[in-house]
Undergrad: 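Can you keep this structure in mind? I'll have questions shortly.
Proteins come first, then strands; the chains are lettered A, B, ... in the order of their sequence lines, and each starts at number 1.
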Protein chains: 2
Amino acid sequence: MISVGIIEDIKDLRDPLFEFISSRDEFLCNIAVESVEDFLEEVSKSDVPMDVILLDIGLPGISGLSAIKLIKDKLPDVSIIMLTVFDDSDKIFAAIQAGAVGYLVKNTPLDQIKQSILDTYNGGTSLSPEIARKVLEFFDKTKRNIESPLTEKEKQIVAGMVDGQSFKMIAANLGNTLDTIKSHAKNIYKKLQVNSKAEVIAKSFRGEI
Amino acid sequence: MISVGIIEDIKDLRDPLFEFISSRDEFLCNIAVESVEDFLEEVSKSDVPMDVILLDIGLPGISGLSAIKLIKDKLPDVSIIMLTVFDDSDKIFAAIQAGAVGYLVKNTPLDQIKQSILDTYNGGTSLSPEIARKVLEFFDKTKRNIESPLTEKEKQIVAGMVDGQSFKMIAANLGNTLDTIKSHAKNIYKKLQVNSKAEVIAKSFRGEI
DNA sequence: AACTGTATCCCCCAAAGGTGGGATTGTGAA
DNA sequence: TTCACAATCCCACCTTTGGGGGATACAGTT
């Protein structure tokens, strides 16, 4: 019997999933909650077994992405399958890196969801060709030049950010004024479509720059 | 037009493949040889284009496995698909690590081979669930769990930081005031011996938390 | 009972970061 | 030759962070 957990904020998706999984002899759905917070609370107070978790990638509050670490911290042996609305390969790849082992688009037929849970429980995983390729490219050090929209100068500044340096320090290291670095930072944010240093650092570590 | 190369020692497999690929408008089979040695010689003397290579994993002489490095050395941008007789996951995983992006069992229908070449050329890849899982386990940081000095609450706040959220957003998501989050952040910084959000994010991505 | 740590909040202030302009110079492509 | 863009700086304004206090409450340890 495979213990399955569901974390999905939309009731209209969560309930049918719960019904379906509960109705099957091979599955047991111990937990079906709307947030990561609720999930962590549930597993904390009662010592429920947990084999596979279906986790919405785009939850409000603690996002599904950051939840992976939190969950695996508590349940290191659980297999996490992400639920996504669209086939957002960047987010899915980030989830894979964080420790998820698969993903399902939300309108997947119930029968195939069943199969995915079984596959996952039996040590397999199902990835789309694009995601799998991204994962493989991560391995292939020979071809790690993802063409970045950033200029050399901008890359140097990003490197400083990733180092944990303040703009003042970066300016000093590169021999520029603070305003120059701030100006470059503005351009970097625009190019990467973010609006904080923190997001740039995160993107960089995910290999998205 | 996709340039395809074939390296396969068994004539009865190589010739039909060559026929099939040559007969298709979208493909061009420049090279169909029986050994890695022959292949390297061919590409050295003439400057043929090469997009995708079908490479037998169990060749006599230079094995397909060790050939991957040699080929990628000469043609860094080529995509290599391994041809195998059996579904030998250890060998395939080794090939993936060496830089191959996919594999095909030799009795695969020609039509599916066509599709795999197209997928591969378009930046995809097709892996079996077992292989994919093996690859994922290779970089699951959560499995090597470093004991963190942080409390549950603090970890949640770190997760928010890594998500690129401001303290204000984290406070809203966790149902606290801004000051509470700031207070926790101070403690986190003290424990981790850092003094900025940026450093916490970097540490987290390095798996140091 | 005293102590330690966690979680929750409050205040203040200074430093750092983000946003909106604007200016100049140079380079290389249309 | 325009035009775009990179790199350099400047100013002003506002928000966010970081550090320094402190308070209360509750848990578990010694």
Undergrad: Please report the distance, rounded to the nearest Å, between CE in A:Met161 and P in C:dG18.
TA: 7 Å
Undergrad: Is a donor-acceptor contact shorter than 3.5 angstrom present between the side chain of A:Thr180 and the base of D:dC9?
TA: no
Undergrad: Quickly work out the B:Ile201 CD1 to D:dT17 C1' distance and round it to whole Å.
TA: 12 Å
Undergrad: Can you confirm whether the side chains of B:Lys153 and B:Asn176 place a donor and an acceptor under 3.5 Å from each other?
TA: yes
Undergrad: If you look at every strand shown and take non-hydrogen atoms under 4.0 Å, does B:Asn176 touch a base, only sugar-phosphate, or nothing?
TA: sugar-phosphate
Undergrad: Find the distance A:Glu152:CD to D:dT8:P and express it as a whole number of Å.
TA: 12 Å
Undergrad: Report the nucleotide, chosen from C:dA7, C:dT19, D:dA7, that has the shortest atom-to-atom distance to any side-chain atom of B:His184.
TA: C:dA7
Undergrad: Whole angstroms only, please: what is the CG-C1' distance between B:Asn187 and D:dG19?
TA: 12 Å
Undergrad: Atom NZ of B:Lys168 and atom C1' of D:dT17: how far apart are they, to the nearest Å?
TA: 12 Å
Undergrad: Among D:dT8, D:dT17, C:dG17, find the nucleotide with the atom closest to the side chain of A:Lys182.
TA: C:dG17
Undergrad: Would one find a side-chain N or O of B:Thr151 under 4.0 angstrom from OP1 or OP2 of C:dA7?
TA: yes
Undergrad: Once you round it to whole Å, what is the distance between P of C:dG17 and OH of A:Tyr189?
TA: 8 Å
Undergrad: Looking at every heavy atom in both A:Val162 and B:Ala202, which two are closest together, and how far apart are they?
TA: O-CB, 3.8 Å
Undergrad: For the residue pair B:Ala95 and B:Ile57, what are the closest heavy atoms and their distance?
TA: CB-CD1, 4.4 Å
Undergrad: Please confirm whether any donor atom in the side chain of B:Lys197 sits under 3.5 Å from an acceptor in the base of D:dG18, or the reverse.
TA: no
Undergrad: In whole angstrom, what separates B:Asp179's CG from D:dG22's C1'?
TA: 12 Å
Undergrad: On DNA chain C, check which nucleotide each of B:Lys153 and A:Gln165 is closest to and give me the residue with the more 5' one.
TA: B:Lys153
Undergrad: When we call it a touch if two heavy atoms are under 4.0 Å apart, what does A:Lys186 touch: a base, just sugar-phosphate, or nothing?
TA: base
Undergrad: How is B:Ser183 classified with respect to the nucleic acid when contacts are heavy atoms under 4.0 Å: base, sugar-phosphate, or nothing?
TA: base
Undergrad: Tell me whether the side-chain N/O atoms of A:Lys191 come closer than 4.0 Å to OP1 or OP2 in D:dA6.
TA: yes
Undergrad: Which listed nucleotide (D:dT16, C:dA16, C:dT8) is nearest to the side chain of B:Ser166?
TA: D:dT16
Undergrad: Give me the atom names and distance for the closest heavy-atom approach of B:Ser116 to B:Leu104.
TA: OG-CD2, 3.4 Å
Undergrad: Are B:Asp56 and B:Arg14 ion-paired here, with the side-chain N under 4.0 Å from a carboxylate O?
TA: no
Undergrad: Check the phosphate of D:dC10 against A:Thr177, side-chain N and O only, distance under 4.0 Å to OP1 or OP2. Yes or no?
TA: yes
Undergrad: Whole angstrom is fine here: how far is it from CE in B:Met169 over to C1' in D:dT15?
TA: 12 Å
